[in-house]
Amino acid sequence: MNSYRTHHCAELRKSHIGQKVTLSGWVSSRRDHGGLVFVDLRDREGLTQIVLDPHSLPAAHDLRSEFVIRIEGEVVGRPEGTVNLKLSTGEIEIKATQLDVLNRSETPPYPLDEEHVNEDLRLQYRYLDLRRAEMAHNLKLRHRVCKTIRDYLDEQGFLEIETPILFKSTPEGAREYLVPSRANPGLFYALPQSPQQFKQLLMVAGAEKYFQLARCFRDEDLRADRQPEFTQVDLEMSFIEREDIYRLIEGLLQRIWKTSIDHEVKLPLERITFQQAMNSYGTDKPDRRLGMELYDFTETFKASSFKVFASVVAAGGVVKAMNAKGFACATQGQIDHLTEQAKAAGAKGLAWIKAEGGTWKSPIVKFFNDAEKEALTRGLKIEEGDLILFAADQWQPACEVLGKLRLVIAGMLQKMGKLTVPKGVYDFFWVVDFPLIHFDSEAQRYMASHHPFTAPIPEDLSLLEKEPTKVRGQHYDIVLNGVELGGGSIRIHQPEVQKKLFEEVFKIPKEIAETRFGYLIRALGFGAPPHGGIALGLDRLVAILCGAESIRDVIAFPKNARAQDLMTGSPAEVESKQLRELRIQTEIKALAAS
RNA sequence: GGUCGCGUAGCUCAAUUGGUUAGAGCACCGCCCUGUCACGGCGGGGGUUGCGAGUUCGAGCCUCGUCGCGACCGCCA
């Protein structure tokens, strides 16, 4: 025990009454009554009320917010009627006999207990922001989760192995951060988007079970749940099948939820196919808590006199609909907004029906016959006050349009108080049987849906040449409350299969495939074991556990939406000497000079 | 790159149809106060309304531009 503290500020209870204690911390608030001063003393763990008598401790009058002080005193019970039930330490207080100001503080630029402060300011003074109880709690919970992950995976026989941060550019995926090499002028490293290739090489190396809390870097535009650097729980195993991954990760999630928030996750988790997810929710990461499933009416409208629907069906498309329960009150403005959203998602327009005032109000209902109306009423369980929305297109675009509207409408209904997402519900499930390959209309070639190392499902292998988009991959995503928590796959371990995909399916020129992935294919040729793995987004996972809106709230020093650190002022210019050493010239300087 | 929203005191916000000297709470400074916990009372300081143009007799408010921040779309194998 050192001279600063005998206890922390959330520790003392009635049972400590009479003890002489020393506490150190920050002045959270001060209530100066002239002849008596109360201070809420805060440290990482919590608050304790200090009572100071300014007659013996005159410095008590000079205390201000965020001063760092040390207090000696006696734990006393609070007088009758002054107990504060909001504080865990609210039954006691410290009668100070000694006050030392360890450090003064500038007036804080914003009140630390204020909820809705400009995020700029919070980020600029992040060290103050992190003093707030909520942020301190988030950091603690994140630590608890990391510790649980390490303990669990250690028990399961995993080795924590670090992989390089200075890696090589592999422009197949996300845009990368580049790092110039002074020793090799004109050449660049790239920061890894993920340790994907290294973890596969570790399997070839016989590591068998690898994991890492891996920092990953992507130079893409940011979102509330996207940072330029973020952390993945990255792992890979040899001699395993998909079922082994499911079992392992389910156990891990169960343990994390138990140790961090004492919530029981029931196992095994449900599995749905990509096909089912799209069909029922129009997305591969559905938030099933919202209800509002999509239904198919292709058969109903096959021969409809409503030509818009009938012609889509004739062209091999589908007619899908969803019931936005209780949203018949949607204003014209809201309908217009939904139509815009639908168009942005690729629809040509938006057909809708309002069940209102005992009748159906809709621009299209006049084309429907009784059988069609009956099918809709039954299939969508239409009741007074409902809003029905349609999408007619090829299967996937039709699903996606309604999937997007479903989320927009859920947001609107929540604002109106007509839809409440239940709290404390954690809807985990696996999404499986993803298509291995999709056709990218922009690049005019087939692309890997996940990444190019994903193994096909063996029975689909024969389709690879003729109908590549029908091949399913041994890929799996774990979804929680509409958030993609992570994903992974069984990898290709035969070099000839990997080569075939690169060169014949993805049409990556031989030389490029060689320089980009040659070492990996070569490694696979030296007895690579069957292997697979998964990566979980740690920031998102912790954010959900904390109930945080943004992953910025669970990262100690995050960047803003422009990828800047407002506290340190990075990124920043560098000395021209540094650039010369790297043999780098920037266009910006040339532009400024001209 | 695009769409939308926001920008007024240190912080959170207000300011009627475009109308006099831009207000309030908290914070800050001074004085008073022995049971507060959002302590209270009295007094005080604090503003280039993000910036720049324009319209107008007159702009925090309208228009254009610009900068900053945020959300979303694109992007994120």
Side-chain angles (χ1 to χ4, degrees), chain A residues 28-42 47-55 60-62 64-66 76 78-87 89-90 93 95 106-125 128 170-176 193-194 196-197 216-228 230 337 340-341 343-346 404 407-408 411 434 436-438 440 442-443 445-454 473 475 484 487 489 501-502 506 508 516-517 535 537 549-550 552 560-562 564 566:
Chain A
S28 188
S29 74
R30 141 196 77 104
R31 294 174 291 280
D32 189 339
H33 290 226
L36 186 71
V37 178
F38 296 97
V39 162
D40 287 339
L41 188 66
R42 182 190 69 236
L47 291 180
T48 297
Q49 174 165 283
I50 315 295
V51 190
L52 302 113
D53 180 354
H55 303 105
H61 287 310
D62 302 324
R64 292 293 181 273
S65 288
E66 303 307 316
V76 298
R78 293 203 187 179
E80 190 128 353
T82 66
V83 167
N84 185 347
L85 296 172
K86 284 186 251 169
L87 283 182
T89 56
E93 59 195 11
K95 210 167 173 230
E106 300 287 327
T107 302
Y110 63 92
L112 300 193
D113 53 5
E114 181 77 48
E115 272 297 313
H116 301 285
V117 173
N118 223 326
E119 201 167 15
D120 291 18
L121 263 184
R122 291 181 51 202
L123 290 174
Q124 192 182 343
Y125 295 94
L128 297 180
T170 53
E172 270 288 286
R175 195 177 299 126
E176 301 164 313
Q193 307 165 35
S194 81
Q196 179 61 36
Q197 294 174 50
C216 306
F217 305 86
R218 291 180 189 175
D219 188 9
E220 296 291 350
D221 284 356
L222 278 64
R223 290 284 188 281
D225 61 353
R226 274 170 19 196
Q227 282 276 304
F230 60 100
H337 179 66
E340 274 170 43
Q341 295 284 323
K343 283 182 178 166
K404 183 166 177 198
L407 292 179
V408 174
F434 282 84
L436 182 70
I437 292 161
H438 68 272
D440 186 307
E442 206 172 304
R445 66 177 177 96
Y446 290 109
M447 307 269 273
S449 298
H450 178 46
H451 63 52
F453 317 115
T454 302
H475 171 55
E484 183 192 328
S489 61
L501 274 162
F502 278 143
F506 303 136
I508 300 174
R516 270 182 211 167
F517 304 112
E549 296 267 317
S550 161
R552 288 192 288 262
N560 71 3
R562 288 233 173 142
Q564 299 160 327
L566 296 176

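The structure presented is a predicted model; accordingly, all values stated were derived computationally and were not measured. Convention: sequence-line order gives letters A, B, ...; per-chain numbering from 1.
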Side-chain contact, heavy-atom cut-off 4.5 Å: A:Gln124 with A:Glu119? no

Which of the following nucleotides, B:rA71, B:rU34, B:rC76, is nearest to the side chain of A:Ala174? B:rC76

Give the intermediate values and the outcome of salt bridge (Lys or Arg N to Asp or Glu O under 4.0 Å) for residues A:Glu66 and A:Arg42. CA-CA 9 Å; A:Glu66 303 307 316; A:Arg42 182 190 69 236; 2.7 Å; yes

Applying a 4.0 Å non-hydrogen cut-off, can you work out what A:Gln341 is touching in the nucleic acid: base, sugar-phosphate, or nothing? nothing

How is A:Thr82 classified with respect to the nucleic acid when contacts are heavy atoms under 4.0 Å: base, sugar-phosphate, or nothing? base

Verify whether the ring centers belonging to A:Tyr446 and A:His438 lie closer than 6.0 Å. no

With centres under 5.5 Å and planes under 30°, do A:His33 and B:rC39 count as stacked? yes

Determine the contact category for A:Arg64: base if any of its heavy atoms lies under 4.0 Å from a base atom, sugar-phosphate if only primed atoms, P, OP1 or OP2 are that close, otherwise nothing. sugar-phosphate

Among B:rC39, B:rC76, B:rG68, the nucleotide that comes nearest once only the side chain of A:Asp120 is considered: B:rG68

Is any side-chain nitrogen or oxygen of A:Arg31 closer than 4.0 Å to OP1 or OP2 of B:rC39? yes

Has the side chain of A:Asn118 got a donor or acceptor atom sitting under 3.5 Å from an opposite partner on the base of B:rG7? no

Quick one: label A:Asn560 by what it contacts on the DNA or RNA (base, sugar-phosphate, nothing), any heavy atom closer than 4.0 Å. sugar-phosphate

Most 5' of A:Leu87 and A:Pro111 on RNA chain B, judged by nearest nucleotide: A:Pro111

What nucleic acid atoms does A:Arg552 come within less than 4.0 Å of, heavy atoms only: base, sugar-phosphate, or nothing? sugar-phosphate

Defining pairs by Watson-Crick or G-U wobble geometry with both distances under 3.5 Å, how would you list the stems of RNA chain B with at least three pairs each? B:1-7 with B:67-73, B:10-13 with B:23-26, B:28-32 with B:40-44, B:50-54 with B:62-66

Between A:Phe453 and A:Phe517, how do the two ring planes meet: parallel, tilted or perpendicular, split at 30° and 60°? perpendicular

First encountered from the 5' end of RNA chain B, between A:Arg562 and A:Phe38: A:Phe38

Report which part of the nucleic acid A:Asp32 touches: base, sugar-phosphate, or nothing (heavy-atom distance under 4.0 Å, all strands). base

Rounding to a whole Å, what distance do you find between A:Leu52:CG and B:rC37:C1'? 14 Å

